[in-house]
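This report concerns only the one structure given below.
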Amino acid sequence: MADLGLPRHARLLRRADFAALRAASARCATPCFAVEYRPSAAALARLGIAVSRRVSKHAVVRNRIRRVIRESFRLNRAALPALDLLVVARARAAAADNAALRAELAALWRRLAAALNETSAPGTMRAGS
RNA sequence: CGAGCCGGCCAGACAGUCGCGACGUGCGCGAGCACGCCGAGGAAAGUCCGGGCUCCACAGGGCAGGGUGCCAGGUAACGCCUGGGCGGCGCAAGCCGACGGAAAGUGCAACAGAGAACAGACCGCCGAUGGCCCGCGAGGGAUCAGGCAAGGGUGAAACGGUGCGGCAAGAGCGCACCGCGCGCGGGGCCAACGCCGCGCGGCACGGCAAACCCCACCCGGAGCAAGACCACAUAGGGGAGCGAUGGCUUAGCCCUGAGCCGCUCCCGGGUAGGUCGCUAGAGCCUGGCGGCGACGCCAGGCCGAGAGGAAUGACUGUCCACGACAGAACCCGGCUUACCGGCCGGCUCACCUU
């Protein structure tokens, strides 16, 4: 039950968090999304979302993308390593439907977990666990 | 039943699963948990107007600048709404209109056309009058001077229309009627207006003021990251007192007034960290009364998002008329723009039946 919730401590809430993430982060991208990430100070994955007006000038479209990202993160966050993530929507996301966005995000989470396990040594990961 | 006009309302429904935010209650030292309840729109949009609220030391006057523009109401206010007038469109119900002033001044008018503003003569008409020619003469002829603006033609627009008289031909040149203008009286509860009556004037005063302009009325500036408070590094911050000159002072300039820069003393302080502002309001519903109406007054009832790295969602299933435009960010009143469709009421026209 707790695995599927999205409490506040699993989100990036402060300006400072975003600034720190931007200062030092690794990147990873798919057609609709770009992700910046770094090891989290907390013991679990935390999410930040950025959907700018450049993606779509319509608030309804931006809200839809934001909600799909939130929902996908909520359902998958238990399987993710302890990272601070900033998911940035790209312009192509506005044209994709929800199912496509979900599929892409699911792939993204898998890639993120795998990439982290092999490249950055297990040593850096230990901070969370 | 068909075509159409006006007004009001709705904006997929239901079930299950997993979530998010506010509030209330309970539990917990606490992060939080449980239960209950609520959780986008008619346009939340564009940010085009008008207010409330807040701060800018700031009050008054003048100029500049901006806005509005038939009249009267409504309103907190408006560029909005209602009613009326005028003009245009429609058979009609109805709809649309920046709709003050061109006898203050300046300016503009492409193309066409002879001529575009106190105009003009291309075609045309006349040639009475003075010449010319013919004729003995009465008279006749052409058109030089000249006269004309009726007809043709151009144009978005050509300096009233019809008829009669008049004339060489014509012309408001004269007259009748129509039109127009001015004045007075009535009407319109006031007004815009020009419906009616009377009198005067042969008739001018052409168009454009979303060209300058004139007239009337209105208008400080910035905006909730406004602004207030609390907790935390060095003050350039704040308060009080004293002040001649000079300088400076949030819309642009000037004037008056006021304040600041200086000195002394005192308090403490920037900053998207947190809290407040933050939703109970020009509020909504029902009824009554006044008003043609917009709306106002009175009584009773109701509480209908409040986030802030930013909630109001996602998935699955079933059904149908297969779901448009679109997401609150301080709050209201409007306007404008976008939009799949559906429901209700009133009205108009056409046709059919009786």
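Every chain is numbered from 1, with letters handed out A, B, ... down the list of sequences. Note that these values count all heavy atoms, side chains included, but never hydrogens, waters or copies made by symmetry. As the structure is a computational prediction, the values presented were derived from the model and not from experiment.
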Check your understanding: What distance, rounded to whole Å, do you find between the two P atoms, one in B:A280 and one in B:A192?
Key -> 49 Å

Review point. Of all the nucleotides listed (B:G309, B:C315, B:A326), which has the minimum atom distance to the side chain of A:R102?
Key: B:C315

Point to revise | Main-chain N/O of A:R53 paired to A:R62 side chain as donor or acceptor, under 3.5 Å | key: no

Review point. On a whole-Å scale, what distance lies between the P atoms belonging to B:C10 and B:A31?
Key: 43 Å

**Study point:** C1'-based separation of B:C80 from B:G67 [nearest Å]
**Key:** 16 Å

Review point. Is A:E104 reaching over with its side chain to a backbone N or O of A:C32, donor-acceptor style, under 3.5 angstrom?
Key: yes

**Study point:** Assigned partner base of B:A338, Watson-Crick or wobble definition, under 3.5 Å
**Key:** none

Check your understanding: Which of the following nucleotides, B:G19, B:C315, B:A40, is nearest to the side chain of A:R74?
Key -> B:G19

Check your understanding: Rounded to the Å, how far apart are A:L75 CG and B:G313 P?
Key -> 17 Å

Practice item. Could you tell me which nucleotide pairs with B:A307 by Watson-Crick or G-U wobble geometry, both distances under 3.5 Å, or answer none if nothing does? Key: none

Review point. How far, in whole Å, is B:G152 from B:C164 if one measures between their C1' atoms?
Key: 25 Å

Point to revise | N-glycosidic conformation, B:A110 - syn within 90 degrees of 0, else anti | key: anti

Practice item. Sticking with atom C1', work out how far B:A307 lies from B:G323, rounded to a whole angstrom. Key: 28 Å

**Study point:** Derivation and outcome, side chain to side chain contact (heavy atoms under 4.5 Å, CB included), residues A:V35 and A:V88
**Key:** CA-CA 6 Å; A:V35 181; A:V88 180; over 6 Å; no

Practice item. Look through every strand shown and name the nucleotide pairing with B:G345 as Watson-Crick or G-U wobble, where both distances are under 3.5 Å. Key: B:C6

**Study point:** A:R66 CZ to B:G21 P, straight-line distance once rounded to whole Å
**Key:** 15 Å

Point to revise | Evaluation steps, side chain to side chain contact (heavy atoms under 4.5 Å, CB included), between A:L85 and A:R46 | key: CA-CA 6 Å; A:L85 299 163; A:R46 297 192 302 175; over 6 Å; no

Exercise for review: Write down the distance separating the P atoms in B:G174 and B:C89, rounded off to the nearest Å.
Suggested key: 37 Å

Exercise for review: Taking atom P in both B:C276 and B:G306, compute the distance separating them and give it to the nearest angstrom.
Suggested key: 13 Å

Practice item. Spell out, as yes or no, whether a donor-acceptor pair under 3.5 Å connects the side chain of A:R110 to the backbone of A:L105. Key: no

Practice item. Using the C1' atom on both, measure B:A324 against B:G342 and round to a whole Å. Key: 12 Å

Review point. Is the glycosidic angle of B:G304 within 90° of 0, making it syn, or outside that range, making it anti?
Key: syn

Review point. For A:F73 and A:A45, which heavy atoms make the closest approach, and how far apart are they?
Key: CZ-O, 3.8 Å

**Study point:** Test item: A:R92 side-chain N/O and A:F33 main-chain N/O as donor-acceptor pair under 3.5 Å
**Key:** no

Review point. Is the glycosidic angle of B:G141 within 90° of 0, making it syn, or outside that range, making it anti?
Key: anti

Check your understanding: Distance check: side-chain N/O of A:R64 vs OP1/OP2 of B:G313, anything under 4.0 Å?
Key -> no

Point to revise | From B:A314, B:A328, B:G309, nucleotide with atom closest to A:E71 side chain | key: B:A314

Review point. Contact class for A:R62 (heavy atom, under 4.0 Å): base, sugar-phosphate, or nothing?
Key: nothing

Study note, to complete from the structure: Taken to the nearest whole Å, CG/A:L101 to C1'/B:C315 is 15 Å

Point to revise | Heavy-atom closest pair, residues A:R90 and A:T30 | key: NH1-O, 2.8 Å

Practice item. Could you tell me whether A:R70 contacts a base, only the sugar-phosphate backbone, or nothing, with contacts defined as non-hydrogen atoms closer than 4.0 Å? Key: sugar-phosphate

Point to revise | Pairing partner of B:G237 (Watson-Crick or G-U wobble, both distances under 3.5 Å) | key: B:C267

Study note, to complete from the structure: Paired to B:A102 by Watson-Crick or G-U wobble criteria (both distances under 3.5 Å) is none

Check your understanding: Between B:A44 atom C1' and A:H58 atom NE2, what is the distance in whole Å?
Key -> 15 Å

Review point. B:U312 phosphate, OP1 or OP2: any side-chain N/O from A:R67 under 4.0 angstrom?
Key: yes

Practice item. Provide, to the nearest angstrom, the distance between the CD1 atom belonging to A:I65 and the C1' atom belonging to B:G327. Key: 14 Å

Study note, to complete from the structure: note: A:L105, atom CG; B:C315, atom P; distance rounded to Å ~ 13 Å

Practice item. Name the residue closer to the 5' end of RNA chain B, choosing between A:N98 and A:I49 according to the nucleotide with the nearest heavy atom. Key: A:I49

Review point. In whole Å, what is the span from the CG atom of A:N63 to the P atom of B:A329?
Key: 12 Å

Practice item. Under a 3.5 Å limit for both distances, which nucleotide forms a Watson-Crick or G-U wobble pair with B:G160, could you say? Key: B:C178

Revision key, fill the gap. Atom NZ of A:K57 and atom C1' of B:G327 are separated, to the nearest Å, by 16 Å

Check your understanding: Under a 3.5 Å cut-off for both distances, is B:G313 Watson-Crick or wobble paired, and to whom?
Key -> B:C18

Exercise for review: Return the nucleotide paired to B:G30: Watson-Crick means purine N1 to pyrimidine N3 with N6-O4 or O6-N4, wobble means G-U with N1-O2 and O6-N3, both under 3.5 Å.
Suggested key: none

